[in-house]
Engineer: 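Handing you a structure now.
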2 protein chains.
Amino acid sequence: MIRLMLADDEDLIRGALAALLELESDLTVVGEARDSVAAVAVAVGRRPDLAVLDLEMPPGDGLRAATEIRAALGIPVVLVTRHARPAVLRRALAAGVGGFVPKTTPASRLAAIIRTVHAGRRYVDPEIAASALTENECPLTARELEILSVVRSGAPILDVAAAVHLAPGTVRNYLSAAMAKLGADTRHAAARQAWEQGWI
Amino acid sequence: MIRLMLADDEDLIRGALAALLELESDLTVVGEARDSVAAVAVAVGRRPDLAVLDLEMPPGDGLRAATEIRAALGIPVVLVTRHARPAVLRRALAAGVGGFVPKTTPASRLAAIIRTVHAGRRYVDPEIAASALTENECPLTARELEILSVVRSGAPILDVAAAVHLAPGTVRNYLSAAMAKLGADTRHAAARQAWEQGWI
DNA sequence: CAGCTTCGATGACAGATGTCATCAATCCGC
DNA sequence: GCGGATTGATGACATCTGTCATCGAAGCTG
């Protein structure tokens with residue numbers, strides 16, 4: 001019997017996944033959480049054999065929760081995500097995540113994936129793996145990424161400058177460089193591109 | 001026995017919901033679809049007693065699918081949504097939708113909601129209903145809404161003007177008016193606000 | 001028909017934004 | 001130490017964007 005925990009901020013989805021997995025005779029859900037902080041606490045408290053975490057889960061993200069759970073318990077983690085972004089897969093694998101499953105995966109396959117990961121093997125969605133292998137490296141510097149992540153919230157340049165403690169002109173320079181590297185016309189387009197690639 | 005159909009573009013979620021609902025002895029899933037066009041076709045082909053549709057479902061949205069299914073079969077529809085936006089609830093009710101369920105609803109309540117709606121009554125999430133009742137009317141004109149919906153894609157003004165067949169200056173005028181009404185500093189902020197309210 | 005409104009457009013202006021050249025300070029390698 | 005790269009900043013310039021006044025063409029409304 002594999003003892004699981006589930007974390008997802010949408011109660012309906014989390015409950016539905018629990019129902020799906022409880023149908024399997026060798027799986028049982030022993031804990032649930034609706035945010036990434038609670039997920040770590042539940043993992044420590046219930047000591048499951050494996051954790052299934054949603055990647056898009058406030059506050060922060062599920063990847064940090066995955067890292068902390070692995071550090072605390074050493075159990076395998078399966079990440080479920082809506083947006084299959086190649087660079088995120090890369091970081092997840094680097095963090096020791098055992099399974100990376102987009103929500104476009106048929107529900108009938110989830111149990112098998114969980115068994116695979118519980119057995120110590122890895123599962124990675126074939127399509128995301130392919131894009132992750134063919135994708136070009138991120139050409140942006142750390143500063144550029146930091147600034148783009150603030151831009152993504154829609155703030156004007158003055159606010160961005162205040163948020164990263166830089167002069168407005170400097171922010172414009174970094175944005176100009178990032179836009180040139182990405183071939184984007186506006187900082188908003190650049191921020192969107194960087195996010196879609198998983199860089200921010 | 002209530003015969004259901006499910007439509008959601010994420011196979012994992014759709015399958016999990018099916019598992020959840022099949023646990024109920026008086027519910028059975030007789031059809032599934034992964035986009036709004038297929039949803040209408042499946043509804044016509046399988047003639048379920050009730051349809052459960054995701055609101056965020058390409059192409060277009062689940063609301064149009066709900067309208068078409070009601071027009072074709074007259075069966076009750078339950079809309080499930082991630083973003084609980086008041087104005088969308090308003091439009092859904094106007095379209096004759098019987099249930100409006102955010103994904104933050106506990107999974108244990110879904111079956112009861114489906115029975116309620118199947119019995120001809122209505123279910124609306126209390127929190128969204130409250131915001132829908134206290135919300136202020138949309139102050140924007142049809143043109144402003146149309147332009148803001150294009151702006152939301154991140155296009156520069158020239159592209160927006162081309163998309164709506166207007167002169168760039170005219171687009172700027174409409175945007176200026178919309179921004180003034182919404183108290184937004186940039187068109188991006190205005191578009192975000194309008195979307196969060198459910199106006200676009 | 002005169003008056004009024006609405007819609008789309010134009011021109012002018014200030015401020016924001018993107019591009020570029022340049023510069024000072026710092027860090028690193030040798 | 002020297003040379004080079006990196007980081008943050010500044011100023012100049014062109015373009016884009018937001019604001020406003022205005023105008024013409026329809027469309028109604030009496």
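Computed from a predicted model, the values in this text were never measured in an experiment. Chain A is the first sequence line, chain B the second, and so forth, proteins listed ahead of strands; every chain is numbered from 1. Quick note: numbers below take in every heavy atom, side chains included, and nothing from hydrogens, waters or symmetry partners.
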Engineer: What does the B/S/- profile of nucleotides 16-24 of chain C look like, 5' to 3', with a 4.0 Å heavy-atom cutoff to protein?
Structural biologist: -BBBB----
Engineer: Measure CG/B:L182 against C1'/D:dG18 and give the value in whole Å, please.
Structural biologist: 15 Å
Engineer: Using 4.0 Å as the upper bound for N to carboxylate O, is an ion pair formed by A:D54 and A:R14?
Structural biologist: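 No, this pair does not count.
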Engineer: Check the surroundings of atom CD in B:E56: do more than 12 heavy atoms from other residues, nucleotides or ligands lie under 6.0 Å from it?
Structural biologist: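 Yes, enclosed.
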Engineer: Given atom OH of B:Y174 and atom C1' of D:dT17, what is their separation to the nearest angstrom?
Structural biologist: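 Atom-to-atom, B:Y174 to D:dT17, this comes out as 18 Å.
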Engineer: State which residues pass salt bridge (charged side-chain N to carboxylate O under 4.0 Å, His left out) with A:R34; sequence neighbours excluded, sorted by chain then number.
Structural biologist: A:D11
Engineer: May I ask you to decide if the ring planes of B:H83 and B:W195 are parallel, tilted or perpendicular, using 30° and 60° as cut-offs?
Structural biologist: perpendicular
Engineer: Tell me whether the side-chain N/O atoms of A:T170 come closer than 4.0 Å to OP1 or OP2 in D:dA9.
Structural biologist: yes
Engineer: Taking only N and O in the side chain of A:R143, is any of them less than 4.0 Å away from OP1 or OP2 of D:dT7?
Structural biologist: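 So the side-chain polar atoms of A:R143 never come under 4.0 Å of the phosphate oxygens OP1 or OP2 of D:dT7.
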Engineer: Tell me whether B:R91 at atom CZ has more than 12 heavy atoms from other residues, nucleotides or ligands lying less than 6.0 Å away.
Structural biologist: yes
Engineer: Measure CG/A:L166 against C1'/D:dT6 and give the value in whole Å, please.
Structural biologist: 14 Å
Engineer: Apply side chain to side chain contact (heavy atoms under 4.5 Å, CB included) to B:L175 and B:I157, showing your working.
Structural biologist: CA-CA 10 Å; B:L175 285 175; B:I157 287 193; 4.2 Å; yes
